Amino acid sequence: MKKIKHHIDELFKDMPRNNETELVKQEIIENLEEKVFYLIEQGKEEEDAINKAIVEFGDIDDLKKELGVKVPEKKSMAKLNLEFSLWGSGLITAFFIFINLYYTPNIIWAIYPIFAILWWPLSMYFVWSRKKWSE
């Protein structure tokens with residue numbers, strides 16, 4: 001039954017530690033243990049009974065709402081990705097211009113890879129603008 005206790009502890013790790021949470025946790029563990037004993041009486045192996053009880057228990061989202069646990073919001077990384085792409089493409093562009101002017105000043109070939117690199121910040125801009133307007 002340690003597996004059940006460990007599973008419930010993992011589900012409750014984001015919840016605040018208080019008496020109400022501990023009582024709910026103990027009640028769930030007791031209910032799952034009763035379910036396991038019932039399944040063993042029906043002829044299941046202990047490991048199978050434990051796994052089936054855990055699977056049938058499902059998720060804990062409704063319980064988190066009742067206990068008042070706030071789900072952390074995911075931060076949008078779109079702006080950071082846009083800034084990174086601007087700086088990165090700027091540095092890569094400067095590198096290509098330097099290589100072009102230093103080694104082959106009479107042939108301007110750097111425009112081709114620079115054109116390809118500029119698609120990176122352009123695509124990040126559209127991702128950022130889509131995230132910005134969807135909020």
Side-chain angles (χ1 to χ4, degrees):
M1 300 301 168
K2 288 181 182 179
K3 186 174 181 179
I4 290 175
K5 184 170 179 357
H6 178 69
H7 179 72
I8 298 301
D9 287 339
E10 284 295 314
L11 290 177
F12 277 77
K13 71 180 178 184
D14 297 335
M15 292 192 184
R17 301 264 184 212
N18 56 29
N19 289 337
E20 184 182 6
T21 305
E22 291 300 320
L23 289 174
V24 170
K25 193 165 128 178
Q26 288 302 321
E27 185 177 338
I28 291 172
I29 290 172
E30 289 172 8
N31 289 340
L32 286 175
E33 287 176 350
E34 288 176 13
K35 176 85 173 183
V36 168
F37 289 133
Y38 175 75
L39 290 171
I40 289 174
E41 288 176 0
Q42 297 298 321
K44 292 260 187 202
E45 294 289 326
E46 182 179 357
E47 189 69 26
D48 292 337
I50 291 172
N51 290 336
K52 183 171 179 144
I54 288 173
V55 168
E56 287 180 359
F57 176 68
D59 63 352
I60 198 166
D61 292 333
D62 294 333
L63 190 59
K64 285 183 179 181
K65 288 178 186 175
E66 283 183 29
L67 293 174
V69 176
K70 295 180 182 175
V71 178
E73 294 181 21
K74 292 184 178 181
K75 290 186 177 180
S76 175
M77 299 293 289
K79 185 175 181 185
L80 182 65
N81 290 342
L82 174 62
E83 292 172 2
F84 180 75
S85 67
L86 288 170
W87 279 100
S89 63
L91 290 172
I92 294 170
T93 299
F95 174 72
F96 276 124
I97 290 173
F98 170 76
I99 296 296
N100 189 170
L101 294 176
Y102 188 77
Y103 288 109
T104 55
N106 298 332
I107 303 170
I108 301 175
W109 55 265
I111 193 71
Y112 301 114
I114 290 171
F115 180 73
I117 289 167
L118 291 180
W119 287 101
W120 179 26
L122 182 65
S123 64
M124 291 297 105
Y125 170 75
F126 284 116
V127 169
W128 172 74
S129 65
R130 183 176 45 188
K131 295 277 185 187
K132 180 180 163 188
W133 291 109
S134 69
E135 293 175 349

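None of these values were measured; they are calculated from a predicted model.
In this structure, the side chains of Phe84 and Trp120 come closer than 4.5 Å at one or more pairs of heavy atoms. Between Leu23 and Glu27, every side-chain heavy-atom pair lies at or beyond the 4.5 Å cut-off. Two residues are said to be in side-chain contact when any heavy atoms from C-beta on lie closer than 4.5 Å; Lys25 and Asp9 meet this criterion.
Summarising the geometry of Pro121 relative to Leu82, their closest heavy-atom pair is O-CD1, 3.7 Å, with the distance given to 0.1 Å. The two atoms that bring Leu39 and Ala53 nearest to each other are CD1-N, 4.3 Å, heavy atoms only.
Under a 3.5 Å cut-off, the side chain of Asn100 and the backbone N or O of Ile108 do not form any donor-acceptor pair.
Ile111 is not connected to Phe98 by any chain of hydrophobic side-chain contacts under 4.5 Å among Ile, Leu, Val, Met, Phe, Trp and Tyr, and they are in different clusters. Criterion: ILVMFWY side-chain heavy atoms under 4.5 Å apart, direct or through other members. Under it, Ile117 and Leu101 are part of a common hydrophobic cluster. Put simply, Leu91 and Leu86 are part of two different groups of oily side chains (I, L, V, M, F, W, Y) that touch within less than 4.5 Å, one to the next. When the side chains of ILVMFWY residues are joined at heavy-atom separations under 4.5 Å, either directly or via intervening members, Ile107 and Tyr103 end up in a single hydrophobic cluster. When hydrophobic clusters are built by joining Ile, Leu, Val, Met, Phe, Trp and Tyr residues whose side-chain heavy atoms come closer than 4.5 Å, directly or via intermediates, Phe95 is grouped together with Tyr102.
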Exercise for the section: Start with the C-alpha gap between Lys3 and Glu47, add the side-chain angles, then the distance that decides, and say whether side-chain contact (heavy atoms from CB on, under 4.5 Å) holds. Expected result: CA-CA 9 Å; Lys3 186 174 181 179; Glu47 189 69 26; 3.0 Å; yes
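In this structure, NE2 on His7 lies 10.5 Å from CD1 on Ile29, to the nearest 0.5 angstrom. Here Leu118 contributes atom CG and Ile92 contributes atom CD1; the two are 10.5 Å apart, rounded to the nearest 0.5 Å. Considering NZ of Lys131 and CE of Met77, their distance stands at 11.5 Å, rounded to 0.5 Å. Rounding to the nearest 0.5 Å places CG of Asn81 at 6.0 Å from CE of Met124. Taken to the nearest 0.5 Å, the CD1 atom of Ile4 stands 12.0 Å off from the CD1 atom of Ile28. Separating the CZ atom in Phe57 from the NZ atom in Lys35 is a distance of 12.5 Å, to the nearest 0.5 Å.
Aromatic ring orientation, Trp119 versus Phe115: perpendicular (interplanar angle above 60°, classes split at 30° and 60°).
More than 12 heavy atoms of other residues, nucleotides or ligands shown are found within 6.0 angstrom of CD on Glu56.
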